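Worksheet: one structure, shown below.
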Amino acid sequence: MKSGLVVQESVSLMPRNTLRVEVMARYYTNVTSVEQLRQALAWADERGLETLILGGGSNLVFADDVDALVIHMAIAGCHWANAANGEATLVLGAGECWHEAVLYAAAAGYRGIENLALIPGTAGAAPIQNIGAYGVELSDTLVSVTALDSESQDIVKLSNEACEFAYRDSLFKRQPGRYIILEIAMQLSRTRSLALGYGDLQQYFSGREPARALTPADVAQGVMAIRRRKLPDPAQLPNVGSFFKNAIVPQDTWEQLRADHPDMVAYPADHSVKLAAAWLIDQCGWKGYREDKVGVHNRQALVLINHNGGTGADILALARRIRDDVQARFGVELEMEPRVVPAGLGL
Ligand code: NAP
């Protein structure tokens, strides 16, 4: 073994995934630098092993043991760059906790990511699904992603455009395994407008009489309060957040759906229409459903819960039934948001 790299054999991943699914990693290592990452990749390569990069484990469904070297990404780092005229770039190492970074930026008075408070996971995982909440997406502020390109072994800097961001989607999701994210940089501002348009946020702040203008820290606190009311804490009720993406359908499909279901909840989205997946699932009667080990959260139908030692297969079987019901009732195909490992065992 090369110095600096510690590889363990047969490691339980239960503490490392927020669904608390019990699976074993054949090999496991923690990397805190690019050098260690390169060593880990070489170690796996010498043994003909696959690798899996693991951040906070909050968007993964383990469907089986992982016959690979699991590399826990723990590269730290948090600094400001290019501060001028009320703007600054926040640079985060991939292993940094996303939520802590949001609070740090908001406390410094910088705006742009405060609506993304309490999203679990690491900074390095954030660009993969272009995390979003309450009308704000990471892609609104992200300037660049620094990554190790596993094809060329080069360290590359991808611009916002090169990341091909879309709704809960990016280049990194479409080319899994190619880029190992090392660092992200976001352009934040002390003056940009706060995004308070979503119903829950409007309501939260309408009842309050702020003696002063709202700060990004106030918005982050509001988002946290709303999320805590509605969404289960993975430490209490193991989950991976939204299990399905909202479905994007063409305008004419929406006209037809609305004619058949006048109460359907939907929002305009780039020449298409975004259907609230939670509404579709709720209408099929799944909200609050519980079987022996797994179930659907009783306040948010998009969140599946591992109540009692369920496996990834138990969760996926439930997800399949929900998806099929929505398809049968509305003719709308729901896509999963989290990644399934191994990939072949997905829905
Ligand atoms: P909500 O406010 O009850 O709204 C239901 C859905 O309608 C949301 O998914 C949202 O889409 C959409 N929506 C609501 N108001 C909208 C508006 N003014 N304009 C456009 N679209 C609107 O949703 P919620 O379940 O409590 O979640 C609140 C926010 O947190 C949402 O943005 C949601 O995506 C985010 N969230 C993310 C995760 C995750 O794991 N990624 C988990 C939970 C919640 P969008 O989803 O496109 O915003």
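No experiment lies behind these values; they were computed from the predicted model shown. One-based numbering, in listed order, for ligands and for the atoms of each.
At a heavy-atom cutoff of 4.0 Å, ligand 1 is contacted by the side chain of L231 but not by its backbone.
Using a 4.5 Å heavy-atom cutoff, the side chains of I113 and V136 are not in contact.
Of the candidates K230, Q129, Q202, R229, the one placing a heavy atom closest to atom 23 (O) of ligand 1 is K230. Across G241, A133, S58, A278, heavy-atom proximity to atom 30 (O) of ligand 1 is greatest for A133. Proximity annotation for atom 10 (C) of ligand 1: of W279, Y198, F244, Y198 comes nearest, heavy atoms only.
The atoms of ligand 1 that sit less than 4.0 Å from any heavy atom of Y167 are 45 (P), 46 (O), 47 (O).
In the hydrophobic cluster analysis, where Ile, Leu, Val, Met, Phe, Trp and Tyr join through side-chain heavy atoms closer than 4.5 angstrom, V223 is grouped apart from Y104. Taken together through direct or relayed side-chain contacts under 4.5 Å among Ile, Leu, Val, Met, Phe, Trp and Tyr, L214 and Y198 form part of one hydrophobic cluster.
Nearest protein heavy-atom contact of atom 4 (O) of ligand 1 is Y267 OH, 4.6 Å. At the top of the distance list for atom 41 (N) of ligand 1, counting protein heavy atoms only, stands E337 OE2, 2.9 Å. Here the protein heavy atom with the shortest distance to atom 46 (O) of ligand 1 is N246 ND2, 3.0 Å. The nearest protein atom to atom 31 (C) of ligand 1, hydrogens excluded, is given as Y134 N, 3.8 Å; this is a heavy-atom distance. With hydrogens left out, the protein atom closest to atom 5 (C) of ligand 1 is A276 CB, 4.4 Å, a heavy atom. Of the protein's non-hydrogen atoms, S242 OG, 2.9 Å is the one closest to atom 42 (C) of ligand 1. Regarding atom 24 (P) of ligand 1, its nearest protein heavy-atom neighbour is Q300 NE2, 3.7 Å. In terms of protein heavy-atom proximity, atom 34 (O) of ligand 1 is closest to R168 NH2, 2.7 Å.
Distance remark: protein heavy atom present below 4.0 angstrom from atom 21 (N) of ligand 1.
To the nearest 0.5 angstrom, T29 atom OG1 is 4.0 Å from L5 atom CG. Rounded to the nearest 0.5 Å, atoms CZ (F244) and CZ (R323) are 7.5 Å apart. Separation of atoms CD (E337) and CG (D169) is listed at 10.0 Å; rounding is to 0.5 Å.
With salt bridges taken as basic N to acidic carboxylate O contacts below 4.0 Å, one links K230 and D200.
Atom CG of D260 sits in a crowded spot, with more than 12 heavy atoms from other residues, nucleotides or ligands closer than 6.0 Å.
For the side chain to side chain contact (heavy atoms under 4.5 Å, CB included) test with L275, the passing option among T253, V265, L257, N246 is L257; the others fail.
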